[in-house]
Structures are given as C-alpha cells and as structure tokens.
Asks: 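First, the structure itself, so that you have it in front of you.
Computed from heavy atoms alone, side chains included, the values below leave out hydrogens, waters and symmetry copies.
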Amino acid sequence: MSAQMHPRRKTVFLMYHELGRPGLAAQQSAASPYLVAADVFRMQMRAIRSLGLRGLSVSEAMRYPEEPSVCITFDDGYASDWTAAAPILREFGFHATAYVTAGFIGTPGYLTADQLRELDASGVEIGCHSMTHPDFTVLPDAELPRELGAARVQIEAVLGHGVEHFSIPHGRYDQRTLAEAGRAGFRTVANSRPHANGSATGPFELGRVAIGRDVALVDFVDVCGGRTLWRKQLADGARRNLRGLFGACSALRAVAMPFCCPPPTPRT
Ligand SMILES: [Zn+2]
C-alpha cells in the first residue's frame, strides 16, 4: 500500500526536568513538582519499552519514523541529565534531547561544561533552552538575540559542534520569539502545549507533555499512547484563558505551573 494510505502516526514528546536520587527525592520533591525520582523514571522507561515504543531524540523524532516511538526531552540542563538520566537511557537503549540553559552551565545543581561534553559524547542530543531562562513574552526586543543566538553560540563553543533545537522556558513565547529563533538558525522550537506532533506539525510549534512527580504510571502509559491528551489540552486552554484575563500574577502561577518550567535556582 502507498504511504498516502498509511498516514504517519503522531509522536508524543515527553518533557522532563530534574531527576532526583532516592535519598533526596522526598526533600527535593516538596520544592519542585517537576522533580521525578530516578527509580520512577526507570519504571517509566520500562513502561515505554513494554508498550513496544522506542525513546528518540528530537532529531530522530523529527523524521517521524513509522516505528512507534516517543521523544524524550529534558529542560534546563540539570546535572541529573548526566548523573541520573543518561545511565538509565543507556540501560534501555533509548535516545533523548537535553535542552540546556547556557547561562546556568557550571552553576550549582546544573551541568558543568565537562558533564555537558560527556553527555553529548554518550549520545544524548544537546539542545538550547535560552541564556537566562526568561519569560519571552515580556522580554525587550534588544535582549532576544542574547537569549537565542548568543545562547546557541555559547553551548556550541562548549560542545565543538552545532546545536539545532530550542525549547521555550516557562512555555511562554510570542511571534517575536519564533522569528528570532529562525534568525538564530534553530531548526525546531518546542513549547509546553500538550499535543502530539506529526509531519503536519510546524517545526517551530512542537508540543510536549510535562512529566512531573505526581504522574501515575497508568496515566503515563496513556500519555505515551496519546490517549488522554485531550484532557490536558482542555486544562491547558483553561489556564491560558485565566492568564489572559488576569495576567501572570503570583496567585495564578500555581495554577499555571504544570505547563511551565520551575523557577530557576536563585543565582548567587
Ligand atoms: Zn526551563
């Protein structure tokens, strides 16, 4: 049968942040709804394999292979990308993309330059997650090149090769952000809108589903199969409407959290 008679399936892109070591998980998870214990992450990778899916990087997923798969991504550039996630991904033979915040490299809790190179050499694809993790919707025009082009150049200088993929901090962006991402030479931009992606999805409009500490395994399995995304889309729409009505005040931040990155660790 021709390819037209078998439209390519959509791929769910998963969005992780930090993984926690078992001894630290309880304490840390109280502070971050996005911290997933390493053993829970391993269980989720096992579930992906049991479903007959493969874990792919963004570059691999963008080819939209016929083979059933999920795309695995990490935001912010936590040290746990190297210390916790990479070994588990290797156990399962899965690939992934780690979006790194350039200005956080070498600061407490985040990847050092050496770890970033080791992560890259281990086969985890490296992407960019801005320079300082700003809210792009309130960023002055003059600062856009630093947060996109300069951040890309800084990460490329550490790696010694090109970086093609960008993910949006806090999931908040506007058309200026996407235009500047194009000028900076990125090939794709991923946001935090919970939809699966297919060959008809614009490369600068890649949706992702946040996986936080409270995701039950049964729900994780449904998400990977794309079965419950409509519920998340309704919730996402409601949150965006609330933010549109009231602005991003602190009281609403808690409501909006499931679709934002956590606030960065205070810089000293
Ligand atoms: Zn982030």
Side-chain angles (χ1 to χ4, degrees), residues 8-17 54-67 69-77 81 85 89 94-105 111 116-117 119-134 136-137 139 141 143-210 261:
R8 291 187 174 194
R9 69 180 66 236
K10 289 195 168 186
T11 303
V12 173
F13 285 40
L14 305 175
M15 175 175 64
Y16 288 95
H17 289 82
R54 277 191 61 216
L56 304 180
S57 67
V58 171
S59 285
E60 292 169 328
M62 288 304 292
R63 297 183 201 119
Y64 296 112
E66 295 288 350
E67 185 182 15
S69 51
V70 293
C71 179
I72 302 169
T73 73
F74 297 85
D75 272 5
D76 296 356
D81 291 356
L89 291 166
F94 289 167
H95 296 161
T97 296
Y99 294 106
V100 173
T101 312
F104 293 1
I105 296 170
L111 292 160
L116 184 56
R117 282 187 284 267
L119 187 66
D120 179 50
S122 78
V124 172
E125 180 176 53
I126 307 299
C128 178
H129 192 55
S130 81
M131 182 69 83
T132 67
H133 207 278
F136 273 99
T137 62
L139 195 68
D141 288 350
E143 293 181 31
L144 284 166
R146 172 173 147 78
E147 295 292 345
L148 287 145
R152 179 184 182 189
V153 167
Q154 187 163 316
I155 295 169
E156 289 178 341
V158 173
L159 299 178
H161 65 74
V163 167
E164 297 187 312
H165 306 293
F166 186 80
S167 74
I168 307 267
H170 309 290
R172 292 174 59 75
Y173 65 101
D174 50 26
Q175 285 308 311
R176 296 177 312 143
T177 316
L178 300 185
E180 189 66 29
R183 278 192 289 275
F186 288 107
R187 192 155 69 87
T188 72
V189 176
N191 55 50
S192 313
R193 297 191 178 174
H195 59 79
N197 304 307
S199 50
T201 308
F204 279 20
E205 297 285 354
L206 298 176
R208 294 184 298 164
V209 182
C261 298

Asks: Please give me the minimum heavy-atom distance between Pro134 and Pro169, naming the atom from each residue.
Replies: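 Heavy atoms of Pro134 and Pro169 come nearest at O-CB, 3.5 Å.
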Asks: Are the aromatic rings of Phe74 and Tyr16 close, with centres under 6.0 Å apart?
Replies: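 Aromatic pair counts; centres sit under 6.0 Å.
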Asks: Please report the interatomic distance CZ(Arg146) to OG1(Thr132), rounded to the nearest 0.5 Å.
Replies: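 So the gap between those two atoms works out to 6.0 Å.
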Asks: Looking at every heavy atom in both Val12 and Ala196, which two are closest together, and how far apart are they?
Replies: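 That closest heavy-atom pairing would be CG2-CB, 4.1 Å.
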Asks: Rounded to the nearest 0.5 Å, what separation is found between the CG atom of Leu111 and the CD1 atom of Ile155?
Replies: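 The CD1 atom of Ile155 is 10.0 Å from CG of Leu111, to the nearest 0.5 Å.
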Asks: Ignoring hydrogens, what is the shortest heavy-atom contact between Cys128 and Val163? Give both atom names and the distance.
Replies: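 Residues Cys128 and Val163, closest heavy atoms: N-CG1, 3.9 Å.
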Asks: Quick check: closest heavy atoms across Gly127 and Thr97, and the distance to 0.1 Å?
Replies: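 So the two residues come closest at N-CG2, 4.1 Å.
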Asks: Would Asn191 and Glu205 satisfy side-chain contact (heavy atoms from CB on, under 4.5 Å), going step by step from the backbone distance to the final call?
Replies: CA-CA 7 Å; Asn191 55 50; Glu205 297 285 354; 3.7 Å; yes
Asks: So Phe166 and Phe186, would you call those rings parallel, tilted or perpendicular, with 30° and 60° as cut-offs?
Replies: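 Phe166 and Phe186: tilted rings.
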Asks: Please tell me if the side chains of His165 and Thr188 come closer than 4.5 Å, counting only heavy atoms from C-beta onward.
Replies: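 His165 reaches Thr188 side chain to side chain.
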Asks: So which atom in His195 and which in Leu206 form the shortest heavy-atom distance, rounded to 0.1 Å?
Replies: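 Taking every non-hydrogen atom into account, CE1-C, 4.3 Å.
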Asks: Could you tell me whether the side chain of Glu60 reaches within less than 4.5 Å of the side chain of Pro65, counting heavy atoms only?
Replies: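 Result no, sub-4.5 Å side-chain heavy-atom pair not found.
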Asks: So, taking the atom named CG in Leu159 and the one named CZ in Arg117, what distance separates them when rounded to the nearest 0.5 Å?
Replies: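 Taking CG in Leu159 and CZ in Arg117, the distance rounds to 8.0 Å.
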Asks: Give the C-alpha distance, both sets of side-chain angles, the deciding distance and a yes or no for side-chain contact (heavy atoms from CB on, under 4.5 Å) between Arg208 and Thr73.
Replies: CA-CA 9 Å; Arg208 294 184 298 164; Thr73 73; 3.0 Å; yes
Asks: If we ignore hydrogens and angles and just use 3.5 Å, is the side chain of Arg152 paired with the main-chain N or O of Ala184 as donor and acceptor?
Replies: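 Yes: the side chain of Arg152 pairs with the backbone of Ala184.
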Asks: Quick one: does Arg176's side chain have a donor or acceptor within less than 3.5 Å of a partner on Phe136's backbone?
Replies: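 Such a contact is found between Arg176 side chain and Phe136 backbone.
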Asks: With rounding to the nearest 0.5 angstrom, report the CG to CG distance, Asp76 to Asp81.
Replies: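 The CG atom of Asp76 sits 8.5 Å away from the CG atom of Asp81.
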Asks: Determine whether Thr137 and Asp174 satisfy the following criterion, side chain to side chain donor-acceptor pair (under 3.5 Å), listing intermediate values before the conclusion.
Replies: CA-CA 6 Å; Thr137 62; Asp174 50 26; 5.9 Å; no
Asks: Would you confirm whether Asn197, through its side chain, and Gly207, through its main-chain N or O, come within 3.5 Å as a donor-acceptor pair?
Replies: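 Such a contact is found between Asn197 side chain and Gly207 backbone.
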Asks: When you measure from the side chain of Ser57 to the backbone of His95, do you find a donor-acceptor pair of N or O atoms at a distance under 3.5 Å?
Replies: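 Not at all, since once roles are kept as given, no pair shorter than 3.5 Å links the two residues.
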Asks: Verify side-chain contact (heavy atoms from CB on, under 4.5 Å) between Leu56 and Val70, making sure each step is shown before the conclusion.
Replies: CA-CA 6 Å; Leu56 304 180; Val70 293; over 6 Å; no
Asks: Quick one: does Glu164's side chain have a donor or acceptor within less than 3.5 Å of a partner on Arg187's backbone?
Replies: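 No, the answer is negative, given that no donor and acceptor are paired below the 3.5 Å cut-off.
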Asks: Would you sort out whether Glu180 and Arg183 count as a salt bridge (Lys or Arg N to Asp or Glu O under 4.0 Å), showing the intermediate values?
Replies: CA-CA 5 Å; Glu180 189 66 29; Arg183 278 192 289 275; 2.8 Å; yes
Asks: Within the distance-only criterion (no hydrogens, no angle test), does the side chain of Glu125 pair as donor or acceptor with the backbone N or O of Val58 below 3.5 angstrom?
Replies: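 Present.
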Asks: Could you give me the CA-CA distance, side-chain angles and deciding distance for Val100 and His129, then say whether side-chain contact (heavy atoms from CB on, under 4.5 Å) is met?
Replies: CA-CA 5 Å; Val100 173; His129 192 55; 5.8 Å; no
Asks: Quick one: pull up CD in Glu147 and OG1 in Thr101 and give me the separation to the nearest 0.5 Å.
Replies: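 It is 9.5 Å, given to the nearest 0.5 Å.
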Asks: Look at the side chain of His170 and the backbone N and O of His133, then say whether any donor-acceptor pair between them is shorter than 3.5 Å.
Replies: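 Confirmed, His170 side chain pairs with His133 backbone.
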Asks: Roughly how far, to the nearest 0.5 Å, is CZ of Phe13 from SG of Cys71?
Replies: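 Reported value, rounded in 0.5 Å steps: 4.5 Å.
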Asks: Of all heavy-atom pairs between Val189 and Ala181, which one has the smallest distance, and what is that distance?
Replies: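 It is CG2-CB, 3.7 Å.
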